[in-house]
Amino acid sequence: MLLLALCLFTSCASCKDDGLDRFEQLIVSTSSSEDEGEAFANAIYVVIPRSSGFELVARAQLLADAVAEKTGIATFLKYDSEQTVEGTFEILVGYTSRLVTKENFSTLRDGDYICRYDRGYIILGGRTEVATVEAIDKFESDILPGASYAAIMSKDAHFEVYAEHGIDEFTLNGYPIYEYTIAYCKESYEIADVISKYVKKNSGYTLSGKQKDSYDPQMSRCIWLVLDPMGDNAASIAARDGNIVLSAPDLCGLSLAATAFASQLGEELSNASAHVQIEGSVVLSYTTRGVDISFGFVDNTGKKDFALLMAIADAVNMSKSDLICFYPSKNSLVKHIELNCPTTHTYLAVEIENDMTVPVLYNSAALSSVSTERRDGSVWVNATANDGKIWRVRIYDSSKKGVTYHSDEIFVLSDLRLGDGNIDRIATVKYGPQSEKIERLFYGETVICTKSETVTEYSGTASYCGLLSLEIIERYHESFIILKDTLK
């Protein structure tokens with residue numbers, strides 16, 4: 001027995017490996033957890049798009065916490081605009097700016113989402129945030145339970161979930177629609193947005209967009225929105241250089257071309273397989289409609305001011321506008337506006353509380369009808385021109401009700417801003433007594449102000465009168481506005 005024990009000791013002592021004998025290695029390999037091996041990464045980054053909404057940010061943070069708890073590796077939430085550190089592992093969540101994300105998401109439609117391992121990344125999510133949140137839920141239930149300190153996901157593990165769509169295939173001039181990019185300039189962004197929404201609503205595909213100041217024939221497979229000042233009041237749709245080019249001298253014509261283009265797509269989108277073919281060039285003629293509107297502002301302390309009364313008379317008689325709208329004014333001053341109404345104009349009045357009235361004067365030779373109403377804390381003026389175009393003016397009467405902007409109106413304000421930058425401010429003016437000027441703001445998304453000028457202005461110590469004339473033309477063609485409202 002002593003001899004046997006000596007042999008066993010000699011055998012074990014001669015089998016060393018990195019400071020551990022085989023007996024000790026056996027104990028380590030069978031009793032240690034898998035987390036005590038080598039980590040597959042120094043840190044993990046959950047990367048989301050910089051433009052992510054609150055819901056996606058919050059859900060991605062919960063994912064990062066869950067990954068850290070399961071793997072034992074520090075996990076951080078990052079935007080795709082932020083740098084990551086070498087030696088870390090990235091889970092790309094949603095439609096990030098990474099090239100590998102764009103390549104994997106290019107064929108996805110609204111409601112589709114995937115989870116794949118590609119070129120050292122986990123690609124997780126879909127083109128929309130709703131689909132991406134659903135992908136995160138599925139990842140946590142199906143993939144994450146198998147994660148460890150040594151590996152987060154097998155390279156063979158994956159899932160693809162595809163939503164049901166009414167159309168199976170959609171091509172434009174022989175290429176899948178998702179391969180096209182909408183190229184637009186700063187002014188035509190809204191038109192590009194409507195085209196993108198139209199394609200998405202009818203096929204589920206989300207087209208990429210790229211801002212370009214001018215047409216580049218080297219870029220192919222694009223839907224170009226080109227403003228061409230030499231267009232001679234004609235819009236066109238053409239197939240050129242492997243692109244679809246929509247062009248016009250102004251936004252009104254360009255929006256008409258966009259509507260006609262959407263109509264061509266719609267003719268094929270009613271089929272299960274849509275194959276749209278555009279060849280040559282189609283010219284669309286149109287005319288841009290406009291109106292001259294004046295806006296008056298008048299007030300005093302209640303004392304008689306003959307200079308102010310003369311200024312009111314001058315303002316009404318000097319205006320050449322077909323439509324003259326005054327901001328809410330005292331009844332004592334409104335009667336002077338009515339007395340000085342030109343014979344070419346018809347007088348209307350909308351009474352509001354506190355002895356205030358909104359006077360409206362219109363030229364019946366240029367406007368076939370004008371109606372007024374008071375609702376939603378505002379006075380609305382609907383003027384129908386002889387060509388059938390309806391111009392809607394909304395004057396805020398400073399009531400306590402909330403303000404909701406409507407895209408098809410010219411909105412006049414004096415004490416409230418509508419988030420400048422999100423809504424187009426077409427004109428600004430300041431009128432008031434000598435001691436303090438009051439800023440007036442004019443908003444309109446479907447119109448452009450080509451000219452603004454003060455017709456007359458008077459400033460007393462405690463009274464004032466000002467009349468601003470605006471030349472307004474329609475920004476977008478009427479057919480485009482209908483299309484835009486349909487997509488809301």
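Between E439 and K430, the shortest heavy-atom contact is CA-CG, 3.8 Å. For I278 against N173, the heavy-atom pair with the smallest separation is N-OD1, 2.6 Å. When every heavy atom of A260 is checked against every heavy atom of L284, the shortest pair comes out as CB-CD1, 3.7 Å. Nearest approach of S214 to W224, heavy atoms of both residues: O-CZ3, 3.4 Å. Closest heavy-atom contact between A60 and V46: O-CG1, 4.1 Å. Scanning all heavy atoms of the two residues, the minimum distance from S203 to V199 falls at OG-O, 2.6 Å.
No hydrogens or angles considered: nothing links the side chains of Y117 and D156 as a donor-acceptor pair under 3.5 Å. At a cut-off of 3.5 Å, with distance as the only test, a side-chain donor of E190 or Y476 sits close to an acceptor on the other residue. Judged by distance alone, the side chains of Y180 and N243 never bring a donor and an acceptor atom under 3.5 Å apart. A donor-acceptor contact closer than 3.5 angstrom links the side chains of T84 and E90. Between the side chains of T181 and S208, no donor-acceptor pair is found at a separation under 3.5 Å. Residues S236 and S281 bring no donor and acceptor atom of their side chains to less than 3.5 Å of each other. For Y79 and S52, the side-chain atoms include no donor-acceptor pair closer than 3.5 Å. Residues S255 and H477 bring no donor and acceptor atom of their side chains to less than 3.5 Å of each other. Between the side chains of D213 and Y184, no donor N or O sits under 3.5 Å from an acceptor N or O. In summary, the side chains of T428 and R425 do present a donor paired with an acceptor at a separation below 3.5 Å, with no hydrogens or angles considered.
Salt bridge status for E164 with R109: absent, with no side-chain N to carboxylate O gap under 4.0 Å. Taking 4.0 Å as the cut-off between side-chain N and carboxylate O, D424 and R475 count as a salt-bridged pair.
Distance OG/S51 to CG/L56: 9.0 Å, rounded to 0.5 Å. Considering CG of N104 and CD1 of I123, their distance stands at 5.0 Å, rounded to 0.5 Å. Summarising the geometry, atom OH belonging to Y95 is positioned 8.5 Å from atom OG1 belonging to T206; distances are rounded to the nearest 0.5 Å. For the atom pair I191 CD1 and C185 SG, the distance stands at 8.0 Å (nearest 0.5 Å). Annotation: the span from T75 atom OG1 to I91 atom CD1 amounts to 7.0 Å, rounded to 0.5 Å. One distance of note links OG of S141 with CD1 of I136; it measures 12.0 Å at 0.5 Å rounding.
Between F139 and L144, the closest side-chain pair of non-hydrogen atoms falls below 4.5 Å. At least one side-chain heavy atom of E474 sits under 4.5 Å from a side-chain heavy atom of T288. At least one side-chain heavy atom of D292 sits less than 4.5 Å from a side-chain heavy atom of S469. A 4.5 Å side-chain heavy-atom check between W380 and E409 finds at least one atom pair inside the cut-off. Between I395 and C325, the closest side-chain pair of non-hydrogen atoms falls below 4.5 Å. Inter-residue side-chain proximity for I73 and V67 is flagged as unmet; no heavy-atom pair is nearer than 4.5 Å. With a 4.5 Å cut-off on side-chain heavy atoms, T88 and I44 do not count as touching. Contact of the L63 side chain with the L124 side chain is registered, since non-hydrogen atoms from C-beta on lie closer than 4.5 Å.
The number of heavy atoms from other shown groups lying within 6.0 Å of CD (E55) does not exceed 12. Atom NZ of K78 is surrounded by more than 12 heavy atoms from other residues, nucleotides or ligands within 6.0 Å. Residue-environment remark: CD (E69) stays at or below the threshold of 12 foreign heavy atoms within 6.0 Å. For NZ of K437, the number of neighbouring non-hydrogen atoms (other residues, nucleotides, ligands) closer than 6.0 Å is greater than 12. Heavy atoms of other residues, nucleotides or ligands lying less than 6.0 angstrom from CZ of F159 number more than 12. When the shell of 6.0 Å around OH of Y286 is examined, it contains more than 12 heavy atoms from other residues, nucleotides or ligands. For Y189, the OH atom is loosely surrounded, since the number of other residues' heavy atoms within 6.0 Å does not exceed 12. Other residues, nucleotides and ligands contribute more than 12 heavy atoms inside 6.0 Å of the NZ atom of K389.
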Query raised in the report: Do R59 and E140 pass the salt bridge (charged side-chain N to carboxylate O under 4.0 Å, His left out) test, and can you show the C-alpha distance, the side-chain angles, and the key distance before you say yes or no?
Result: CA-CA 11 Å; R59 188 64 185 86; E140 288 188 350; 2.8 Å; yes
Requested in this report: Report the C-alpha separation of Y431 and T454 in whole Å, then their side-chain angles, then the decisive distance to 0.1 Å, and conclude whether the side-chain hydrogen bond (donor to acceptor under 3.5 Å, both in side chains) test is met.
Outcome: CA-CA 10 Å; Y431 294 130; T454 294; 2.9 Å; yes
**Report entry** Full working for side-chain contact (heavy atoms from CB on, under 4.5 Å) between I410 and V447
**Finding:** CA-CA 8 Å; I410 303 167; V447 297; 4.1 Å; yes
Report task. Report the C-alpha separation of R289 and E478 in whole Å, then their side-chain angles, then the decisive distance to 0.1 Å, and conclude whether the salt bridge (charged side-chain N to carboxylate O under 4.0 Å, His left out) test is met. Result -> CA-CA 10 Å; R289 296 176 291 186; E478 192 170 17; 3.1 Å; yes
**Report entry** side-chain contact (heavy atoms from CB on, under 4.5 Å) between K210 and K212, intermediate numbers included
**Finding:** CA-CA 6 Å; K210 181 177 292 186; K212 300 290 290 184; 4.0 Å; yes
**Report entry** Test side-chain contact (heavy atoms from CB on, under 4.5 Å) applied to Y215 and R240, step by step
**Finding:** CA-CA 11 Å; Y215 178 74; R240 185 193 315 164; 3.8 Å; yes
Requested in this report: Given side-chain contact (heavy atoms from CB on, under 4.5 Å), test I223 with L172 step by step and report yes or no.
Outcome: CA-CA 10 Å; I223 300 171; L172 177 59; 4.3 Å; yes
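A cation-pi arrangement is present between R221 and Y175 under the rule of less than 6.0 angstrom and at most 45 degrees off the ring axis.
Outside the 6.0 Å centre-distance limit, the rings of F411 and F442 are not counted as a close aromatic pair. For F40 and F89, the distance between ring centers is under 6.0 angstrom.
Using a distance-only test at 3.5 Å, with no hydrogens or angles considered, a donor-acceptor pair links the side chain of T132 to the main chain of T128. Side chain of D250 to main chain of G253: a donor-acceptor pair is present (N/O by atom type, distance under 3.5 Å, no hydrogens or angles). Listed for the D112 side chain is a donor-acceptor partner under 3.5 Å among the backbone atoms of A163. Put simply, the side chain of H165 gets close to the backbone of D110: a donor and an acceptor are under 3.5 Å apart. Proximity of a side-chain donor or acceptor of T96 to a complementary backbone N or O of D80 within less than 3.5 Å is not detected.
Residue S247 forms a side-chain contact (heavy atoms from CB on, under 4.5 Å) with just one option from V226, L225, I237, and that option is V226. Exactly one residue among L441, I472, T450 makes a side-chain contact (heavy atoms from CB on, under 4.5 Å) with I426. That residue is I472.
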